[in-house]
Amino acid sequence: MKFSEQQRALACAVRAARAAGKVIRANASAAKTIASSTQHDIKLELDVRCQKLIERSLRKDFPGIPLLGEEGDSGDTTAAQRWVVDPIDGTVNFTYGIPHACVCIALQEKAKSPRLGGYTDGYATLIGVVYDPFCDELWTAIRGQVARLNGNRIQVSRRRNLGEAVVSIGFAKTRENLERTLPYFNELVHRVRKIRIMGSAALALTYVASGRFDAYIESGISLWDIAAGGLILECAGGEFWRQPIPGRHAYRMIASNGLLRRTLRVRY
Ligand code: LIP
């Protein structure tokens, strides 16, 4: 995709993210309609409504590009290009009135060789948008360009001493992931300055990209939670290691400022 088209796609994704963010903010204190739930997860009717709004907005400028989303797919998501969307990342936070959630939109393109994409099905992320409607913080990136927060360039921290690091850990939705992550939590909590468990993968990735966190680790996370934030982190000079695991577009990942991954000694 030509650079001018990537810039047009970025502007289009920002419009869609801000529109969904407006609806999320407007419903922050409204009663929440739960579409389905499990012990560690909730799906809201608003998740589906916001994804439909985002799709309508994206199709205005790019009618032919399919969408792969947390709330379902639209069109052939094996096409040369695809949008990857999480309408509300941090849905449980949002449901409980915890103002820490965001909209994630990424545009992916089939990589020249599957190895290049870094994702199971050989796609590479071209543009990434993460919008936090509660703090009005907009993170953006185009592959090969610098990452930005509200238009200003951002960079990862330079901390290389784990004892001074603030590390975020995510406990994804299944008992199996909880069991897998807890031993590591118990070991790491003694080696870092602080651990933070915030409940939004995309915001954890953009916080590492902005130097607020020094690393973020989670197993059992989905492509739509990480595609946009992962590119923003790489464009901010960070490292975004991910490995596919069984499940629909499921991954385990270690995000860091690029100076800490080895010292983190993550053994999944
Ligand atoms: C959430 C992730 C979070 C993870 C949760 C859930 P959702 O995404 O952002 O990191 O721990 O289990 O997957 O479901 O709010 O889009």
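Order of appearance sets the numbers: ligands from 1, and atoms from 1 within every ligand. Please read all numbers here as calculations on a predicted model, not as lab measurements.
- Each of Arg159, Arg193, Lys194, Arg160 was compared with Asp214 under the side-chain hydrogen bond (donor to acceptor under 3.5 Å, both in side chains) criterion, and only Arg159 meets it.
- Each of the following atoms of ligand 1 lies closer than 4.0 Å to a heavy atom of Ser200: 9 (O), 10 (O).
- Of the options Asp89, Asn93, Ile88, the smallest heavy-atom separation from atom 9 (O) of ligand 1 is shown by Asp89.
- Contact check on Asp73 versus Arg82 returns no salt bridge, with no Lys/Arg side-chain nitrogen under 4.0 Å from an Asp/Glu carboxylate oxygen.
- The cationic atom of Arg8 (NZ for Lys, CZ for Arg) lies less than 6.0 Å from the six-membered ring centre of Phe62 and within 45° of the ring axis.
- The pair Glu70-Lys173 meets the salt-bridge criterion, with a side-chain N (NZ, NE, NH1 or NH2) lying under 4.0 Å from an Asp/Glu carboxylate O.
- Counting atoms of ligand 1 from 1 in the listed order, those under 4.0 Å from a heavy atom of Tyr216 are 10 (O).
- Of all the heavy atoms of Ile221, the ones lying under 4.0 Å from any atom of ligand 1 belong exclusively to the side chain.
- Within the listing of ligand 1, atoms 2 (C), 3 (C), 9 (O), 10 (O) sit less than 4.0 angstrom from a heavy atom of Ala201.
- Side chains of Asp41 and Thr38: a donor-acceptor N/O pair is absent below 3.5 angstrom, by distance only.
- Ranking the protein heavy atoms by distance from atom 12 (O) of ligand 1 puts Lys173 CG, 3.3 Å first.
- Scanning all protein heavy atoms for the shortest distance to atom 15 (O) of ligand 1 gives Gly90 N, 2.7 Å.
- Here the protein heavy atom with the shortest distance to atom 4 (C) of ligand 1 is Glu218 OE2, 3.1 Å.
- Between Trp139 and the options Val129, Leu233, Leu149, Leu231, a side-chain contact (heavy atoms from CB on, under 4.5 Å) holds for only Leu149.
- Near Thr91, with a cut-off below 4.0 Å to any heavy atom, the atoms of ligand 1 are 15 (O).
- Here Phe171 has backbone heavy atoms under 4.0 Å from ligand 1, and that is the only part of it that gets that close.
- Shown in contact with Glu70 at under 4.0 Å from a heavy atom are these atoms of ligand 1, numbered in order with element: 14 (O), 16 (O).
- Ion pair Arg148/Glu137 not flagged as a salt bridge, since none of the NZ, NE, NH1 or NH2 atoms sits closer than 4.0 Å to an Asp/Glu carboxylate oxygen.
- Applying the 4.0 Å criterion to heavy atoms of Asp86 picks out, from ligand 1, the atoms 16 (O).
- Looking at Tyr251 and Asp225, their side chains never bring a donor and an acceptor atom within 3.5 Å of each other.
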